[in-house]
There are 4 protein chains.
Amino acid sequence: MSADPETPLRADAQRNRDQIIAAARVIFASHGPEVPMEEIARAAGVGVGTLYRRFPDRDALIRAVAVDNFAGVLDNAKRLSVEAPSAWEALVQLLYHGAELQLSMQLAMLSQRAHEILKDDPEVAHLREAVLLEVDDLVVRAQAEGALRKDVGAGDVAVVFARIVRQLPAHRLKTPELATARSIAIMIDGLRAGPVTPLPGRPLGKDDLI
Amino acid sequence: MSADPETPLRADAQRNRDQIIAAARVIFASHGPEVPMEEIARAAGVGVGTLYRRFPDRDALIRAVAVDNFAGVLDNAKRLSVEAPSAWEALVQLLYHGAELQLSMQLAMLSQRAHEILKDDPEVAHLREAVLLEVDDLVVRAQAEGALRKDVGAGDVAVVFARIVRQLPAHRLKTPELATARSIAIMIDGLRAGPVTPLPGRPLGKDDLI
Amino acid sequence: MSADPETPLRADAQRNRDQIIAAARVIFASHGPEVPMEEIARAAGVGVGTLYRRFPDRDALIRAVAVDNFAGVLDNAKRLSVEAPSAWEALVQLLYHGAELQLSMQLAMLSQRAHEILKDDPEVAHLREAVLLEVDDLVVRAQAEGALRKDVGAGDVAVVFARIVRQLPAHRLKTPELATARSIAIMIDGLRAGPVTPLPGRPLGKDDLI
Amino acid sequence: MSADPETPLRADAQRNRDQIIAAARVIFASHGPEVPMEEIARAAGVGVGTLYRRFPDRDALIRAVAVDNFAGVLDNAKRLSVEAPSAWEALVQLLYHGAELQLSMQLAMLSQRAHEILKDDPEVAHLREAVLLEVDDLVVRAQAEGALRKDVGAGDVAVVFARIVRQLPAHRLKTPELATARSIAIMIDGLRAGPVTPLPGRPLGKDDLI
DNA sequence: TATGAATGAGATTTCATTCAT
DNA sequence: GATGAATGAAATCTCATTCAT
């Protein structure tokens, strides 16, 4: 009789929920958000019915995966902000080890479908804001460190991030990891302080997104 | 019942074919290659029947759009190679005005579905090869000009291109054109010769793709 | 594991059983016998599991509700037969206060599904027979009283009952109670002895049903 | 390219549409409005796809059947109003030969589901109003003829109609046609002018419905 | 030849029933 | 014994493709 949305799930139900989100994360990342629900259920090792009991429709599942992901990114950013040797290094790490970042970006920025679903979700909005605040802080500090070029803002960094994290499909490359690492390194060089070419317009802040 | 593939189409049939490809290009670019055939037909102002008479199935349509696009990119690259003030400038122009480039990349590299379809098509393979040859030439010349960093190959450039051209969805940005222009400029700065950070591995050539 | 069907239920189990039947009665009456089992369980304030422990499947529940109802109608008819000032009045009362009558009729006569389930149930058959005997008695006595027209039998009366008790959905009427009362009164006027129009055929007795 | 809703259907499409409505009418009448769409399609001799092309969902089909039916009732009423020997006779005929009347009533008044769907449809509303106007006229005239009791209005008549037309399921009766005819006759006797019992309240007019 | 109607396979979603907690 | 989670069969609906007009 627990209509209360706060009632914690039963142990087995929680386990299933986690498995479903994990499976959906992997599949969404590799095949986009349109894969048959049945396939996701199978990958999670549950029946479709279970999937639908936990998430009333595809949108709810996408939302849940997105929230889970943004939360992961936020954790990561906060941890790196404290533990990395410098703010610049924190930004760089965030990129290189950005599996979660990647999916978040993909869901939030790259798929029309996903965007429609997420754009008005308050939980997503809240996490997004928190992540951008963290990035904003890193940007300011990395500029103070003299490592990040001065003419960019958190918005610029987020946009470059979004482009970078878009995983190139492995199938087109003989040496996919190397190619990825190299292209990220090249783009990071573009962000570095030093003898840069002037950019058009003005620095884009975190509020220039949306 | 002209089975001869070389028979030129009647004028109106050719017009239909062109309209369909044009419509499909726009829709594929904005919504990916999974949109209902009926929608494409409607956008082209023809009935589904006509679409299917011209292209026996979705794969054939995707192939035709891809060929059309690669051909456009090749034209562009050849023209820029001759007309641009420098090889570096040609590469930069290719990026900034890369609407066709974008769709080619998206079709060829970003969508699992499209990739499956295109990977064994000889016409696509031929055009791809021609484009990469052109890029290879520009890369060598731009390095000789001292404008492009020495430690990259045509493969690296193509990978960075692929990341760059992935259009950020306008809906997430207040100032989409500006954001795009800025992020491209940042990434190009990463390609520039000058005081660069060492890249991992070795330069990737055009044959490191696929 | 008392397989003995006669073992009385534990007090709480009996309470659950009663709640379920009460809830099902209300829901069947308003939405027909196809409502989701979960909804019935919720309305009864129990889990589905409990519902299924008490009634092995939907059919069993429908049967139980029908039995409960017919028993109520029988009680009612017997009481009215004794307490009402006349047999005619007993028939009229049976109609006007026929909530249970209504559901019985609906289950037994109006829903294809319910009919299939009930038609071979011996307990239902027995109660039905008992109710019809009671009505038969009232019919004979009401005709002897000179109140009920002579050319009808218990079968006719049951059929008219079935039509009358079909509750008109309140949502279609501005003044639902009044409309119901008036239409019942009109139809009862049709049953009254007096200057009547001849009916086709012969009086239908209780054995003309089924 | 005929997006115009007024464009007449192609001959074969119109034939299918008609067959679907005819099949749905029969099935709705005997099994209610919840039967599987596939079954309706099969009965109409078309594929499900065709059914869904013509009627985007079940609601649309229900609406179409209802409109078709109300139109039939209206035709019937108008014809009888002119051709029947008296207004009273017209009302009686409307009842006895009320196959369409029956389904209309069932759809409009008896099924919760159907009512929700129809209650805001303007076309249905318009036809309903037209039918009630016709009945209103017949009521006034039948009262002037001295055949219909004076203390009823069109609303009362419609309510009694609704109760009458609810076909008793044949499976419960040995002699279903006879039983139906007799019960209708009995109820009509209740509507007759003559020595009647006073009804509660006031006559209900056509605007007391809804 | 162009059109859009028809088809049916497959995807989404619901719900009766079973079973772990 | 009670609960509500899990299951999968069945219903709803969509869309690629074929075919009559």
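Computed from heavy atoms alone, side chains included, the values below leave out hydrogens, waters and symmetry copies. We name chains A, B, ... by the order of the sequence lines, and we start the count at 1 in each one. From a predicted model like this one, the values you see are computed outputs, not experimental measurements.
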Query raised in the report: Is any side-chain heavy atom of Ile117(A) closer than 4.5 Å to a side-chain heavy atom of Asp121(A)?
Result: no
Query raised in the report: Are Ile21(A) and Arg17(A) side-chain neighbours, meaning at least one heavy-atom pair lies under 4.5 Å?
Result: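 The answer is yes, as the side chains (C-beta and beyond) meet within the 4.5 Å cut-off.
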**Report entry** Phosphate contact (dA5(E) OP1 or OP2) by Thr50(D) side-chain N/O below 4.0 Å
**Finding:**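 Answer no for this pair, as no side-chain N or O of Thr50(D) is under 4.0 Å from OP1 or OP2.
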Requested in this report: Tell me which of Gly45(A) and Asn16(C) sits closer to the 5' end of DNA chain F, going by the nucleotide each one is nearest to.
Outcome: Asn16(C)
Requested in this report: Let me have DNA chain F in dot-bracket notation, would you? Count Watson-Crick plus G-U wobble pairs, both distances under 3.5 Å, and use [ ] for pairs crossing earlier ones and | for inter-strand partners.
Outcome: .||||||||||||||||||||
Scan the side chains in residues 22-47 of chain C for donor-acceptor partners under 3.5 Å anywhere in the protein, sequence neighbours excluded, and list what turns up.
unit_1	atom_1	unit_2	atom_2	d
Arg25(C)	NH2	Asp68(C)	OD2	2.6
Ser30(C)	OG	Val26(C)	O	3.2
Ser30(C)	OG	Ile27(C)	O	3.4
Glu34(C)	OE1	Arg113(C)	NH1	3.1

Requested in this report: State which residues pass salt bridge (Lys or Arg N to Asp or Glu O under 4.0 Å) with Asp120(B); sequence neighbours excluded, sorted by chain then number.
Outcome: none
Query - Results of salt bridge (Lys or Arg N to Asp or Glu O under 4.0 Å) for Asp18(D) - residues two or more places apart only - result: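 In terms of salt bridge (Lys or Arg N to Asp or Glu O under 4.0 Å), with neighbours along the sequence ignored, Asp18(D) is linked to no residue.
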Query raised in the report: When the nearest nucleotide of DNA chain E is assigned to Leu51(B) and to Leu51(D) on a heavy-atom basis, which residue is associated with the more 5' position?
Result: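 Upstream on the strand: Leu51(B).
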Query - Partner residues of Arg15(A) under the side chain to side chain contact (heavy atoms under 4.5 Å, CB included) criterion, sequence neighbours left out - result: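 By the side chain to side chain contact (heavy atoms under 4.5 Å, CB included) rule, Arg15(A) matches Asp12(A), Gln19(A).
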Query raised in the report: Once each nucleotide of nucleotides 11-21 of chain E is scored for protein heavy atoms under 4.0 Å, what B/S/- sequence comes out, 5' to 3'?
Result: -SBB-SBB--S
Measure from [atom1] on [X] to [atom2] on [N] and round the result to the nearest Å.
| X | N | atom1 | atom2 | answer |
| --- | --- | --- | --- | --- |
| Gln14(B) | dT1(E) | CD | P | 14 Å |
| Ile20(A) | dA5(F) | CD1 | P | 12 Å |
| Arg54(A) | dT7(F) | CZ | P | 11 Å |
| Phe55(D) | dT14(F) | CZ | P | 15 Å |

Report task. Would you indicate which nucleotide in dT7(F), dA5(E), dA2(E) comes nearest to any side-chain atom of Arg53(D)? Result ->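 It is dA5(E).
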